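From a predicted model like this one, the values you see are computed outputs, not experimental measurements.
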Amino acid sequence: MRVLRLLAFGLGLSALAACQTNDLKEPPVPLGDFRLGLNIAVADNVQKVPISRDASKEDWEAAIKKAVDDRFGRYEGDKLYNIGISIDGYALAPPGVPLVLKPKSVLVVTANIWDDAARKKLNPEGKQLTIFEHMSPETVIGSGVTQNKKKQMEILSYNAAKSVEKWLLDNPEWFGLPPKGKAAATPAAGKPAVTAPAVVTPAVTPPAVTTPAKPVKPTPAKPAPAKPTPVKPLPILPVPSKTVPKTGTP
């Protein structure tokens with residue numbers, strides 16, 4: 001019942017689906033070491049809404065496997081990963097419905113992925129996806145009027161494989177890549193890295209250390225030569241004459 005509710009809800013929203021073109025001729029988006037191993041599609045429990053064309057489970061399995069192989073067979077990584085898709089329910093817009101209803105086609109699938117070498121399932125729970133047909137001049141009035149069943153299934157299977165690829169790209173750590181939050185730190189290929197302007201820190205010049213000059217000792221002035229003190233001439237004293245003492249008689 002849950003799948004039928006999703007289909008009924010999807011029928012009401014499918015007119016809002018965006019236009020899309022086939023991108024398989026473009027290089028694949030980088031997906032680390034991914035290489036497609038087993039490609040499994042199962043439609044054993046598929047449900048169909050009452051207003052829908054009939055499609056066998058074998059037709060659905062073949063359409064999904066081809067779409068998965070076309071998309072994921074382009075990857076040439078070093079490890080094998082197995083993809084398993086369960087086709088849960090579908091609505092293929094039938095012909096002959098009044099144009100005012102504009103019926104659209106919808107597909108509900110559940111995807112799982114395994115690491116082949118480790119034999120380990122990478123997603124804890126299956127990823128359920130509701131797939132719409134893309135808008136085009138052929139589907140705007142209802143794909144049941146303009147397209148046959150095979151074409152409707154081809155478009156829905158293509159969109160389902162693309163939705164699975166987007167889911168895997170949201171979990172790059174499964175394939176040896178950094179988690180999505182950290183991948184943004186690496187510049188995208190072909191785009192120059194944005195360098196933040198350098199913050200210039202003004203150079204701090206230490207104050208000059210001035211060595212005090214040694215005090216200059218004053219050179220003592222040479223004393224002027226002393227003037228000779230004039231020597232006063234000694235007074236010339238008269239030399240006394242020898243006097244013969246008088247004796248007795250002259």
Would you list the pairs meeting ring pair (Phe, Tyr, Trp, His ring centres under 6.0 Å) in which at least one residue belongs to residues 47-68, sequence neighbours left out? Trp60-Tyr90
Contacts of Lys66 meeting side-chain hydrogen bond (donor to acceptor under 3.5 Å, both in side chains) (sequence neighbours excluded), chain-then-number -> Asp70
Could you list the residues that satisfy side-chain hydrogen bond (donor to acceptor under 3.5 Å, both in side chains) with Ser86, not counting sequence neighbours? Asp88
Any non-hydrogen side-chain atom of [X] less than 4.5 Å from a side-chain atom of [Y]?
| X | Y | answer |
| --- | --- | --- |
| Leu129 | Val108 | no |
| Val106 | Ile131 | no |
| Phe34 | Ile113 | yes |
| Ile87 | Lys57 | no |
| Asp69 | Lys65 | no |

According to side-chain contact (heavy atoms from CB on, under 4.5 Å), who are the partners of [X], at least two apart in sequence or on a separate chain?
| X | answer |
| --- | --- |
| Asp54 | Lys48 |
| Ala111 | Ile85, Val164, Trp167 |
| Lys121 | Asn112, Trp114, Asn123 |

Salt bridge (charged side-chain N to carboxylate O under 4.0 Å, His left out) with Glu173: which residues, sequence neighbours excluded? none
When you measure from the side chain of [X] to the backbone of [Y], do you find a donor-acceptor pair of N or O atoms at a distance under 3.5 Å?
| X | Y | result |
| --- | --- | --- |
| Ser157 | Ala67 | no |
| Glu61 | Ala43 | yes |
| Gln47 | Gly89 | no |

Just distance, no hydrogens or angles: give the donor-acceptor pairs under 3.5 Å from side chains in residues 71-84, sequence neighbours left out.
unit_1, atom_1, unit_2, atom_2, d
Arg71, NH1, Glu165, OE1, 2.9
Arg71, NH2, Asp23, OD1, 2.7
Arg74, NE, Arg71, O, 3.0
Arg74, NH1, Leu24, O, 3.4
Arg74, NH1, Glu26, O, 2.9
Tyr75, OH, Val29, O, 2.9
Tyr75, OH, Glu165, OE2, 2.6
Lys79, NZ, Asp115, OD2, 2.8
Tyr81, OH, Asp33, OD1, 2.8
Tyr81, OH, Trp174, O, 3.2
Asn82, OD1, Leu38, N, 2.8
Asn82, ND2, Asp116, OD1, 3.0

Gap separating the CG atom of Leu122 from the CG atom of Leu168, nearest 0.5 angstrom: 9.0 Å
So for atom NZ, which belongs to Lys150, do other residues, nucleotides or ligands contribute more than 12 heavy atoms lying within a distance under 6.0 Å? no
Any chain of hydrophobic side-chain contacts (each under 4.5 Å) joining Phe175 to Leu169? yes
